[in-house]
Amino acid sequence: MSHQHSHQSFETRAIHAGNTADPLTGAVVPPIYQVSTYKQDGVGGLRGGYEYSRSANPTRTALEENLAALEGGRRGLAFASGLAAEDCLLRALLAPGDHVVIPNDAYGGTFRLFAKVVERWGVDFSVANTSDIASVREAVNERTKLIWVETPSNPLLGITDIEAVAGVARHAGVKLVVDNTFASPYLQQPLALGADVVVHSLTKYMGGHSDVVGGALVTADEALGEELAYHQNAMGAVAGPFDSWIVLRGIKTLAVRMDRHGENATKVADMLTRHPQVTQVLYPGLPDHPGHEIAAKQMRSFGGMVSFRVRGGEEAAVEVCNRAKLFTLGESLGGVESLIEHPGRMTHASVAGSALEVPGDLVRLSVGIENADDLLADLREALG
């Protein structure tokens, strides 16, 4: 993060970091540099360091500077998707024979990347309950290079004590990676709590409008940032200029959106706890959530994701998803519109039969920023 923005509040950084007025016209929004190559002033005479847009593009640079500022890091990198970011990170930091500790609740695509792709080139993994520090410590061995954490987790909304796991990682001499997608940097700052790398699906809350796919890595370590940037360029799965511009635009309203997501989610979770067709509500803002106190310590508020279990099992859960009208049935999350899904058959189908398999009676909500009363009425009707 540049010194220029280090003293500013989050809301100010979200709007101004990386958003320098265009020097040619004074445009207050960074232009979309829809360009592949750049004129050189003599061989090797690069203007601003730009030669080819896989290596660097001014619109992507603006986004990457913004990401670093929001996470309190030194280097941000933007990718074509969240999984592209994860793939770059794993290939940059791991080699055949290495070992990773992954959580027992995580995005299905992350598990698929480890189990079906990374494992094939000689990297293995162990599954740990990252909410239990003893479980993490026991999963680490002499070949471990990374501990991977999601908090809040997807889709069970588990909470991991980032600072405590960072202590385990430091003691073992391994790096800690935190997927901060569900929280966003507005609600949680993993680097400040000891994480080495933060991962984002920019598709979700950062973009915020269900109109772009992207991913990001942020680190506070300059050398690690350079290593990741080398692999980003070598592998090439970069965010395009238009996608970068769309995410940068979305980030400007991140703070106000997250406040509304959280307010609505709290109301939804409270209603669900009192509904006779619901057997369990998973939301870290509820006082009886096992991770409530840790979430309150390391998060600004509790976010917009709510999961719940339905009386009647899997078929009943599927019917709830099908009956919802205002909640759109669809994968993904973090947009201004509310979404509902059945993780077991949708986002987490890839973990079926594994240690990460999710309950069949589980429904996951991405609570949007609509009127809360309308959302509550829709859920009551869907539940019957």
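Between D243 and R60, none of the side-chain N atoms (NZ, or NE/NH1/NH2) sits under 4.0 Å from a carboxylate O, so this pair counts as no salt bridge. With salt bridges taken as basic N to acidic carboxylate O contacts below 4.0 Å, none links E64 and R74. Between D124 and R143 there is a salt bridge, with a side-chain nitrogen of the basic residue lying less than 4.0 Å from a carboxylate oxygen of the acidic one.
A donor-acceptor pair shorter than 3.5 Å can be found between the side chains of T181 and D179. Between the side chains of E337 and H209, no donor-acceptor pair is found at a separation under 3.5 Å. Between the side chains of E71 and N180, at least one donor-acceptor pair of N or O atoms lies under 3.5 Å. For S338 and E370, the side-chain atoms include at least one donor-acceptor pair closer than 3.5 Å.
S184 has its side chain within reach of L254: a pair of non-hydrogen atoms, C-beta onward, lies under 4.5 Å apart. The side-chain heavy atoms of P30 and L248, taken from C-beta on, include a pair separated by under 4.5 Å. You'll find the side chain of V123 stays beyond 4.5 Å of the side chain of L90, heavy atoms only. Contact check for L113 versus T110: no side-chain heavy atoms found under the 4.5 Å cut-off. With contacts defined as side-chain heavy-atom distances shorter than 4.5 Å, the pair L362/L282 qualifies. Looking at heavy atoms from C-beta onward, V28 lies out of side-chain contact with D22 at the 4.5 angstrom threshold. The shortest distance between side-chain heavy atoms of R47 and Y38 does not fall below 4.5 Å. No side-chain heavy atom of H99 sits less than 4.5 Å from a side-chain heavy atom of K145.
A pairwise comparison of heavy atoms in A216 and F79 identifies CA-CD1, 4.2 Å as the closest pair. Minimum heavy-atom separation, A372 to N264: CB-OD1, 3.4 Å. Here the shortest heavy-atom pairing between C321 and L329 reads CB-CD1, 3.8 Å. Scanning both residues, L228 and A92, for their nearest heavy atoms gives CD2-CB, 3.9 Å. Among all heavy-atom pairs drawn from G72 and A220, the shortest one is O-CB, 4.5 Å. The nearest pair of heavy atoms linking M206 to P185 is SD-CD, 3.4 Å.
Between the T253 side chain and the V256 main chain, no donor and acceptor come within less than 3.5 Å of each other. In this structure, S53 contributes its side chain and V35 its backbone to a donor-acceptor pair below 3.5 Å. Between the side chain of Q40 and the backbone N or O of G44 there is at least one donor-acceptor pair closer than 3.5 Å. Between the side chain of R311 and the backbone N or O of Q277, no donor-acceptor pair lies under 3.5 Å. Checking side-chain atoms of R257 against main-chain N and O of I369 turns up no donor-acceptor pair under 3.5 Å. T219 contributes no side-chain N or O that, together with a main-chain N or O of L224, makes up a donor-acceptor pair within less than 3.5 Å. S354 contributes a side-chain N or O that, together with a main-chain N or O of L356, makes up a donor-acceptor pair within less than 3.5 Å. The closest donor-acceptor contact from the side chain of H275 to the backbone of T273 lies at 3.5 Å or more, if one exists at all. In this structure, S366 contributes its side chain and L339 its backbone to no donor-acceptor pair below 3.5 Å. Checking side-chain atoms of D378 against main-chain N and O of L326 turns up a donor-acceptor pair under 3.5 Å.
To the nearest 0.5 Å, atom OH of residue Y283 and atom CZ of residue F302 are 7.0 Å apart. Rounded to the nearest 0.5 angstrom, I32 CD1 and W245 CH2 are separated by 5.0 Å. In this structure, CE on M271 lies 4.5 Å from CG on L379, to the nearest 0.5 angstrom. Taken from CG in L272 to OG in S307, the straight-line distance is 10.5 Å, to the nearest 0.5 Å. The structure places CD of E163 at 10.5 Å from CD1 of I133, a figure rounded to the nearest 0.5 Å. Taking CD of E65 as the reference point, atom NE2 of H16 lies at 15.0 Å (rounded to 0.5 Å).
E119 CD: more than 12 foreign heavy atoms inside a 6.0 Å radius. Heavy atoms from other residues, nucleotides or ligands lying under 6.0 Å from NZ of K252 number more than 12. Around the CD atom of E293, the shell of radius 6.0 Å holds no more than 12 heavy atoms that belong to other residues, nucleotides or ligands.
V310 and V268 fall within the same hydrophobic cluster, defined by Ile, Leu, Val, Met, Phe, Trp and Tyr side-chain heavy atoms under 4.5 Å apart, directly or through other members. Connection of L187 to V165 is not established within any shared hydrophobic cluster, with ILVMFWY side chains joined at heavy-atom distances below 4.5 Å, either directly or through further cluster members. Residues F10 and M258 fall within the same hydrophobic cluster, defined by Ile, Leu, Val, Met, Phe, Trp and Tyr side chains chained together at heavy-atom separations under 4.5 Å. No path of Ile, Leu, Val, Met, Phe, Trp and Tyr side chains, each step under 4.5 Å between heavy atoms, connects V336 with M305, placing them in separate hydrophobic clusters. Residue F111 is grouped with residue V118 when hydrophobic side chains (ILVMFWY) are merged at heavy-atom distances under 4.5 angstrom, including chains of intermediate members.
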Exercise. Kindly determine whether L202 and L63 satisfy side chain to side chain contact (heavy atoms under 4.5 Å, CB included), including the steps that lead there.
Key: CA-CA 11 Å; L202 299 176; L63 172 60; 4.2 Å; yes

Exercise. Verify side chain to side chain contact (heavy atoms under 4.5 Å, CB included) between V100 and L94, making sure each step is shown before the conclusion.
Key: CA-CA 9 Å; V100 182; L94 300 175; 3.6 Å; yes

Exercise. Decide side chain to side chain contact (heavy atoms under 4.5 Å, CB included) for N66 and N19; before the verdict, give the C-alpha distance in whole Å, the side-chain angles of both, and the deciding distance to 0.1 Å.
Key: CA-CA 8 Å; N66 184 271; N19 286 274; 3.9 Å; yes

Quiz prompt | CA sep, side-chain torsions, deciding dist, call: R249, D211, salt bridge (charged side-chain N to carboxylate O under 4.0 Å, His left out) | solution = CA-CA 12 Å; R249 183 185 66 168; D211 55 9; 3.7 Å; yes

Practice problem: Walk me through it: do V278 and R309 pass the test side chain to side chain contact (heavy atoms under 4.5 Å, CB included)? | Solution: CA-CA 6 Å; V278 175; R309 301 180 72 172; over 6 Å; no

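Applying side chain to side chain donor-acceptor pair (under 3.5 Å) to R75 and the options E226, E227, E222 leaves one that passes, E226. Each of L93, L89, D221 was compared with K175 under the side chain to side chain contact (heavy atoms under 4.5 Å, CB included) criterion, and only L93 meets it.
Ring-plane geometry between Y205 and H261 is classed as perpendicular, the angle between the planes exceeding 60 degrees on a 0 to 90 degree scale with a lower cut at 30.
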When the side chains of residues 146-155 are checked against the rest of the protein, which donor-acceptor pairs come out under 3.5 Å, sequence neighbours left out?
from: E150; atom 1: OE1; to: Y107; atom 2: N; distance (Å): 3.4
from: E150; atom 1: OE1; to: N154; atom 2: N; distance (Å): 3.1
from: E150; atom 1: OE2; to: Y107; atom 2: N; distance (Å): 2.7
from: T151; atom 1: OG1; to: T160; atom 2: N; distance (Å): 3.0
from: S153; atom 1: OG; to: D105; atom 2: OD2; distance (Å): 2.4
from: S153; atom 1: OG; to: G158; atom 2: N; distance (Å): 2.7
from: N154; atom 1: OD1; to: R364; atom 2: NH1; distance (Å): 2.9

